[in-house]
Amino acid sequence: MVVWLRRLRPLHRWVGVPLTLLILLSSLTGILLGWKKYVPVLQPPVQRGASLEARDWQPLHLISSAAEAGLRAHLGAAPGPVDRLDVRPSKGVAKVLFREGFWEVQVDLTTARVLSVDRRASDFIETLHDGSILGEAARATMSTVLGLGLLLLSLSGLWLWWGPKLARRNTPPPRDT
């Protein structure tokens with residue numbers, strides 16, 4: 001048992017030291033992502049549209065065009081392509097998210113009027129959090145390394161804590177001479 005403890009210590013250390021940077025990055029960005037709905041700097045607050053009734057809403061291609069025009073006016077240049085539309089029926093608003101620059105344009109679903117144009121810091125933080133800032137391959141690699149590393153550190157740390165207790169329990173008491 002003592003041999004296992006001696007072999008496990010260097011492994012635990014050599015996995016833990018380099019993994020610390022990834023753990024810190026993932027932890028800090030995870031905390032920020034947990035607060036994104038409550039901190040306007042991280043994600044713009046959701047506006048309210050004129051009507052919550054779907055029959056009053058404009059078609060999505062008009063919403064997308066209005067968002068592109070709104071961002072073009074804000075930037076003074078042509079925006080990049082639309083990444084996705086996030087429709088919020090309970091607010092009567094569509095968030096139009098662009099692929100470049102982490103831009104979000106909120107558009108009233110009824111009037112197709114631009115309600116806000118802002119950057120989403122939370123989207124940038126998310127790319128740091130999951131490693132996708134370096135590409136999809138890096139995303140998969142980072143999550144695999146982080147997951148396996150944390151599993152190994154957890155199991156080896158548990159054994160490094162529990163192993164000596166077992167060794168002491170299984171060691172016979174010293175004899176009086």
Side-chain angles (χ1 to χ4, degrees), residues 15-154:
V15 170
V17 170
L19 205 61
T20 298
L21 183 61
L22 285 179
I23 292 169
L24 287 173
L25 178 69
S26 186
S27 300
L28 294 173
T29 55
I31 290 167
L32 290 172
L33 289 172
W35 281 91
K36 71 181 179 181
K37 301 277 187 205
Y38 311 107
V39 180
V41 171
L42 298 175
Q43 184 170 301
V46 181
Q47 304 297 314
R48 195 171 251 318
S51 174
L52 303 181
E53 295 296 324
R55 67 176 169 267
D56 298 335
W57 296 346
Q58 299 293 321
L60 290 180
H61 73 278
L62 291 178
I63 300 298
S64 180
S65 296
E68 288 172 351
L71 187 55
R72 187 179 302 109
H74 182 79
L75 295 176
V82 170
D83 183 40
R84 64 188 183 274
L85 277 73
D86 179 3
V87 177
R88 301 292 174 102
S90 65
K91 300 282 188 171
V93 168
K95 293 180 173 188
V96 182
L97 306 172
F98 291 83
R99 283 193 197 137
E100 298 165 8
F102 306 106
W103 287 102
E104 170 188 285
V105 178
Q106 292 186 36
V107 180
D108 185 321
L109 286 166
T110 304
T111 64
R113 184 174 63 90
V114 172
L115 301 174
S116 77
V117 177
D118 210 345
R119 283 190 191 258
R120 291 173 53 106
S122 62
D123 286 358
F124 172 70
I125 293 167
E126 189 173 336
T127 65
L128 288 175
H129 182 72
D130 66 11
S132 62
I133 195 164
L134 301 174
E136 285 303 310
R139 178 183 190 171
T141 302
M142 185 173 146
S143 66
T144 302
V145 167
L146 195 54
L148 289 174
L150 285 172
L151 181 64
L152 180 67
L153 288 174
S154 298

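Separating the CE atom in M142 from the OG atom in S26 is a distance of 5.5 Å, to the nearest 0.5 Å. Remark: R120 CZ to I125 CD1 distance equals 11.0 Å, nearest 0.5 Å. Interatomic distance, CZ of F124 versus CZ of R119, reported as 10.5 Å (0.5 Å rounding). The CG atom of L146 lies 10.5 Å from the CG atom of L21; values are rounded to the nearest 0.5 Å. Atom CG of residue L22 and atom CG of residue L150 lie 9.0 Å apart, to the nearest 0.5 angstrom. Atom CG of D130 and atom CG of L134 lie 10.0 Å apart (nearest 0.5 Å).
Minimum heavy-atom separation, S122 to L33: O-CD2, 3.5 Å. Nearest approach of I63 to A94, heavy atoms of both residues: CG2-CB, 3.7 Å. A pairwise comparison of heavy atoms in A138 and G131 identifies CB-O, 3.7 Å as the closest pair. In plain terms, the two heavy atoms of Q106 and P45 that are nearest each other are NE2-O, 3.0 Å. Between T110 and A50, the shortest heavy-atom distance links the atoms CB-CB, 4.1 Å. Contact record, P44 with K95: O-NZ, 4.4 Å, taken as the closest heavy-atom pair.
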| field | side chain to side chain contact (heavy atoms under 4.5 Å, CB included) evaluation trace for V46 with K91 | value | CA-CA 8 Å; V46 181; K91 300 282 188 171; 3.7 Å; yes

| request: Take V93 and V107 through the test side chain to side chain contact (heavy atoms under 4.5 Å, CB included) and record every step on the way to the result. | output: CA-CA 6 Å; V93 168; V107 180; over 6 Å; no

| said: Before you tell me yes or no, could you show the steps for V87 and L109 under side chain to side chain contact (heavy atoms under 4.5 Å, CB included), namely the whole-Å CA-CA distance, both residues' side-chain angles and the distance that decides it to 0.1 Å? | reply: CA-CA 8 Å; V87 177; L109 286 166; 3.8 Å; yes

| task | Apply side chain to side chain contact (heavy atoms under 4.5 Å, CB included) to L71 and F98, showing your working. | result | CA-CA 9 Å; L71 187 55; F98 291 83; 3.6 Å; yes

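Counting only distance, with no hydrogens or angles, the side chain of W103 and the backbone of V96 share no donor-acceptor pair below 3.5 Å. In this structure, S143 contributes its side chain and R139 its backbone to a donor-acceptor pair below 3.5 Å.
Using a 4.0 Å cut-off between a side-chain N of Lys or Arg and a carboxylate O of Asp or Glu, D108 and R113 do not qualify as a salt bridge. Salt bridge present: R88 and D86 bring a charged side-chain N and a carboxylate O closer than 4.0 Å.
T141 is listed as a side-chain neighbour of V145, based on a closest heavy-atom distance under 4.5 Å. For the pair E68 and V82, the minimum side-chain heavy-atom distance is below 4.5 Å.
The number of heavy atoms from other shown groups lying within 6.0 Å of CZ (F102) is above 12.
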